[in-house]
There are 2 protein chains.
Amino acid sequence: MVSRRSLTIDTEKATKTTYVLGTTLTVNLIRCAPPQSKSFSIRCTPNVHYKITPPITDKNALPYPLGPNTILLITMDTVSETAFDSKLSVRYYGEKTETLGDAILHLTAVEISLDVDADRDGVVEKNNPNKASWKWGPNGHGAVLLVNCDSESINNKKPDNENSDIGKVSDLKDMSKMVLRTNGPSQLPEGYKLSMHISQSTSESVRVFRPRTNTKTENLWKYQLLKLFLKDFLMVVGTDTLTQEVPYLGGSSELEFHVEGLRFPDKDFDGLVTINLSLLEPCGKGFPETPIFTDKVVFRVSPWIMTPNTLKPVEVYVCSTEDNYSFLKSIRNLVEKSGYKLKICHEYMNRGDRWMQDELEFGYIDSPHHRFPVVLDSPRDGDLQDFPYDALLGPDFGYVTRNALNEEVSSLDSFGNLEVSPPVTVNGKNYPLGRIIIGVAFPTARKGRNMTKVVQDFLWAQKVQEPIALYSDWLFVGHVDEFMSFVPAPDRKKFRLLLASPDAGYKVFKSLQNSGLGKAEMFPGKEEAISVNDLLSDKKLQAENRYVQNCIDWNRDVLKKELGLDDEDIIDLPILFKVMEEKNEDSVPRAVAYYPDMVNMIVLGDQLGIPKPFGPQVKGVCALEKEMCSLMEPLGLKCTFIDDFAPYHKLLGEVHCGSNVLREPFTVRWWNLEL
Amino acid sequence: MVSRRSLTIDTEKATKTTYVLGTTLTVNLIRCAPPQSKSFSIRCTPNVHYKITPPITDKNALPYPLGPNTILLITMDTVSETAFDSKLSVRYYGEKTETLGDAILHLTAVEISLDVDADRDGVVEKNNPNKASWKWGPNGHGAVLLVNCDSESINNKKPDNENSDIGKVSDLKDMSKMVLRTNGPSQLPEGYKLSMHISQSTSESVRVFRPRTNTKTENLWKYQLLKLFLKDFLMVVGTDTLTQEVPYLGGSSELEFHVEGLRFPDKDFDGLVTINLSLLEPCGKGFPETPIFTDKVVFRVSPWIMTPNTLKPVEVYVCSTEDNYSFLKSIRNLVEKSGYKLKICHEYMNRGDRWMQDELEFGYIDSPHHRFPVVLDSPRDGDLQDFPYDALLGPDFGYVTRNALNEEVSSLDSFGNLEVSPPVTVNGKNYPLGRIIIGVAFPTARKGRNMTKVVQDFLWAQKVQEPIALYSDWLFVGHVDEFMSFVPAPDRKKFRLLLASPDAGYKVFKSLQNSGLGKAEMFPGKEEAISVNDLLSDKKLQAENRYVQNCIDWNRDVLKKELGLDDEDIIDLPILFKVMEEKNEDSVPRAVAYYPDMVNMIVLGDQLGIPKPFGPQVKGVCALEKEMCSLMEPLGLKCTFIDDFAPYHKLLGEVHCGSNVLREPFTVRWWNLEL
Ligand SMILES: [Ca+2]
Ligand SMILES: [Ca+2]
Ligand SMILES: [Ca+2]
Ligand SMILES: [Ca+2]
């Protein structure tokens, strides 16, 4: 906003202009002075105020001497009742104080304020001094916008941000309110206009609507009633429309706008959106109008936010397949016992693709006025690919995806390879929404699989859960959930990081051998059965697990540093891996779990659904389950071991890979982060 | 850099690893303890140091009790002379302090530091603690990179950054030095490797070279001599090569690298570049190596910096055409009088295109070790289009351009529409390199011409001269240099902003009329001649100039705000405009100068080359020239009026449009800005 405006007045012709409350008009008095002018005097109507700079030192020296840079500063403090009801005139005098001419200025005063909820309390306050900038933190300011990525319709649905008009009144609640408050005469003086305008790049991120009918909102009750039946909204600015006139309603009025976010922050979009409103002044017949006052407001688009295992579950998602009946039954028991909802994706939809974790990631978007869950659809696109769009997108359930361009999608693009930590503090820096965790290749690898760039760019651009890149390419499937998970804990940082650990695994087997149980069998009763002694004497397996432990330790060191963890915050779970016999295209050995990978669990409050490991039985109890319970139960967690051997483990996934959990959002609001 | 590394030791097999000075190895002692271990003791060679956490409270209680989270922290303070010359062993004891096993760790200690000139003094210091981050300001840190956009060759030239190899040794001076300092045994233990690596996106911005011959630089003099004859450099990382092994030279060694910047900061590139160096450890036969130590350095690419009128000229560029002989002579006189160099672009090159200002903008790039001028080639591409590349690009003269994509290039893309202010301070914020100024359409205009997006994006991305967008679309040609310029001044902010002012123009003519000189002729002796009386009675011209003054005043208000100017910092020059009769495509009236536009001047130190206005003669002196001199001379400036009427003014340009000035760089270095 340029709050000081230069104005030229004229002794030959009266000048007319419109003044906006809060601004200052500056008139260079020498510019329009008749030749030989030496001094001047000023008269004005009571609501017009003026100052002279440089200040007149001798106030009694009337008329005032006219200097080479004498500037008149004009302000007004009340709005006009009719056009040009206020006036200021400057009289110029010659050497002998003879009158040389009068420059007359007719003024109309109006009040104009484009308003948003810049203090984030859900109410659009009047003319917040901070409305034109955005600042993070509890003492910050700046309005918030949601990407309207849900679908108000259930039939023929598509995300609302792909529709250029408003189909249903319910869609308004996904938008942010913006109010144009004006006060002044019943009409603007002839030729004046109000214009809303945005930049070309902003037009890709936002649309602004208003009711087609101009309604004075002096009678708010009547307006609210009317709005219930209003389905007729007009796009003011947005896609392909950068500027448009908006009506001036006259008197003291409020014109309500609805602002729709169209896209998430990304590599080429920082999430900030500016909307301007200008008062245009006519410049004479045939000339374009000049903006003489511009007010602006700034919004930030809500980032997409992931929910860690420590948040309360709402719904658990699994697939039903022809071979997973008993697995499904175990999950149902666990979920119902915990009191959450189970949602089953049936075969006609999943087409045999059981990897519910991999096709999508649940998150949400949040604003002071509204929030809803948003599913991030993976570019993986297995047979489950239609599920996020067809089954999840709907009213108050948003959808977003990123399509890999000119890049091969790899197994690392499955969202078992996308997780998020609980809240952490690292060297004094707070991450109250945790940090996103993904798996990639070693940066030193010549060849390697990575999460596709467009998804990585998207995740980094959300900013509020700054991602950590781990090394997961050492795994055949390549997902971080194959070697790590988080569980809630009552003490310390309120969670523990669980890591798969071949060292811890060997420790269990050596203890058995040491206790004379070397003949006990791993995989008892299965064709894979093998004695503890035989397992421990397998030097190849040992070498493979040494390598695996190295890889996990590398990740452990990164996680300790990036999440600010101590060794006491980490629990090593006894899990062995083996290297796949078949060589892959880049002939790098890659690992899979040797027995069901217990870290790949589902966490539902204090209930853990853990892949049943089929370890050696000691007095009728599985030694691995017993060890697992002894590690989890002191934290107040309850272990349920779920048999996923045939339908998941043998297909190189486990319980976590085969499920997904929609969780409650954080109570911490993202705009309160200090970034 | 992960400076703490988890390590597993083993009682069954000795462990070997390499330790990097400054890091810590952490060993979880319980992990590898034989079953039933209750306590432990440690022995090590003198150069190995260790701590135990949680700390042993009773130091005399040997052997130490083994807790569930007993961690051993190992450091070393001198490098090894031979591989694995150091050792640490852990002995585990049972209930009755009987020995259960010994875990042996063989250690090689090395020192590794990837170094840059992070303190910006032109010397690559050793292991600067800030080398991995970048901070603006005199107390900041971080190395600097140049885009190697000049051409070492004169024949068959193209910018060196488009060549993937180094053609001439002279090219090394455009690159930043980076040194890998290592210390340790003559060879790394078997299987260990050093690897340099960068990310995919960094590989678009940088290339790293080293001499093909590995030279120990203990004998620096010999090395320098050798380098004179070395033309054989190897690309280590860069385009299409993200990672590559680099040699370990043994003993105390320095390996020198040359880092070449490939692209300027832009919308998709913040200018920061990270280069990593890792030590890889073998993981056993058939397994990929693991990075066990990573050092990294950060560079920022120098922005492209423009030079305002207040900087000392070096060379003046003008075109020679078949009709501008006397203009050229006047310019030559002015330039030679001022003591600068004149460079003439001849007709075979300019093909009649005389608008030297519009085809290019001079700037420069700067680093602690080197700097050179860089021409920004406009997407205008008139008949002068080959000049910047063919005539300017060369050794220590860089070239950069931006090509408009899917966008019409308009007259606003000419660089008469791209200027830069002298240094300013605005509300306490310093702009010691000034601010870039461009002209665009009113943001409220439905249709309007703008500077093309790719050029705007480029200018904003340079950051150090934060641009200001003025409104220039009201002009037929549409360039900011048609209504504004800057001249040096001895007082106040050390400069004045000059603005064209129809009000000031009319003031001159009214004064003449008032003094009885109404019959004096504007354009005396030309076919356009018109008396002052007739000029003043032209109501249409008055209305047009009222509109023009409005447009300029809008810009005046923006410039006052964005440059922190007072009215005393601005001088109004007496210039009238007229509106073009022929309607343009969007049928908006647009203005051109009515008589030669004096603000469109060339500024060479205290010498101003001003378009000769051909105003009314009073006692043999042009009233407009007289007024102009009376405004400029008090500032110590000398006015030379140059007749550009036929070859420039009639073609809608003036002296500034027809010339360009290469100036000396700022003494302020861009990295010392506080951003
Ligand atoms: Ca919606
Ligand atoms: Ca996930
Ligand atoms: Ca070069
Ligand atoms: Ca220029």
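Just so it is clear, the values below take in all heavy atoms, side chains as well, and ignore hydrogens, waters and symmetry mates. Throughout, protein chains are lettered first and strands after them, A, B, ... in sequence-line order, and every chain is numbered starting at 1.
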Exercise. Of all the heavy-atom pairs spanning Tyr547(A) and Cys283(B), show the shortest one and how long it is.
Key: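 Heavy atoms only, the tightest pair is CD1-CB, 3.8 Å.
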
Quiz item: What are the two closest heavy atoms between Gly286(B) and Pro589(A), and how far apart are they?
Solution: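 In terms of heavy atoms, the two residues are closest at O-CG, 2.8 Å.
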
Exercise. Before accepting this row, confirm whether a basic side-chain N of the pair Arg31(B)/Asp567(A) lies closer than 4.0 Å to the acidic partner's carboxylate O.
Key: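 Asp567(A) and Arg31(B): not salt-bridged.
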
At a 4.5 Å cut-off on heavy atoms, which part of [X] comes close to chain A: side chain, backbone, both, or neither?
{"X": "Phe442(B)", "answer": "side chain"}
{"X": "Asp566(B)", "answer": "neither"}
{"X": "Ala33(B)", "answer": "both"}
{"X": "Ile198(B)", "answer": "neither"}
{"X": "Asn514(B)", "answer": "side chain"}
{"X": "Gln549(B)", "answer": "side chain"}
{"X": "Gln456(B)", "answer": "neither"}
{"X": "Arg556(B)", "answer": "side chain"}

Quiz prompt | Top of Ala445(B), Pro291(B), Ser515(B) for chain A proximity - count of heavy-atom pairs under 4.5 angstrom | solution =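 Most pairs with chain A among the choices: Pro291(B).
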
Distance in Å, [X] [atom1] paired with [Y] [atom2], rounded so as to fall on 0.5 Å steps:
{"X": "Asp503(A)", "Y": "Ile30(B)", "atom1": "CG", "atom2": "CD1", "value": "12.5 Å"}
{"X": "Thr444(B)", "Y": "Gln244(A)", "atom1": "OG1", "atom2": "CD", "value": "13.5 Å"}
{"X": "Tyr506(B)", "Y": "Asp10(A)", "atom1": "OH", "atom2": "CG", "value": "11.0 Å"}
{"X": "Lys510(A)", "Y": "Thr11(B)", "atom1": "NZ", "atom2": "OG1", "value": "6.0 Å"}
{"X": "Lys13(A)", "Y": "Lys539(B)", "atom1": "NZ", "atom2": "NZ", "value": "9.0 Å"}
{"X": "Lys560(B)", "Y": "Arg5(A)", "atom1": "NZ", "atom2": "CZ", "value": "12.5 Å"}

Self-check item: Donor-acceptor side-chain pairing of Asp557(B) and Ser6(A) below 3.5 angstrom
Solution: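 Yes.
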
Quiz prompt | Asn550(A) and Thr290(B): side chain donor to acceptor below 3.5 Å | solution =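 On atom types as modelled, these side chains do not qualify, holding no pair under 3.5 Å.
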
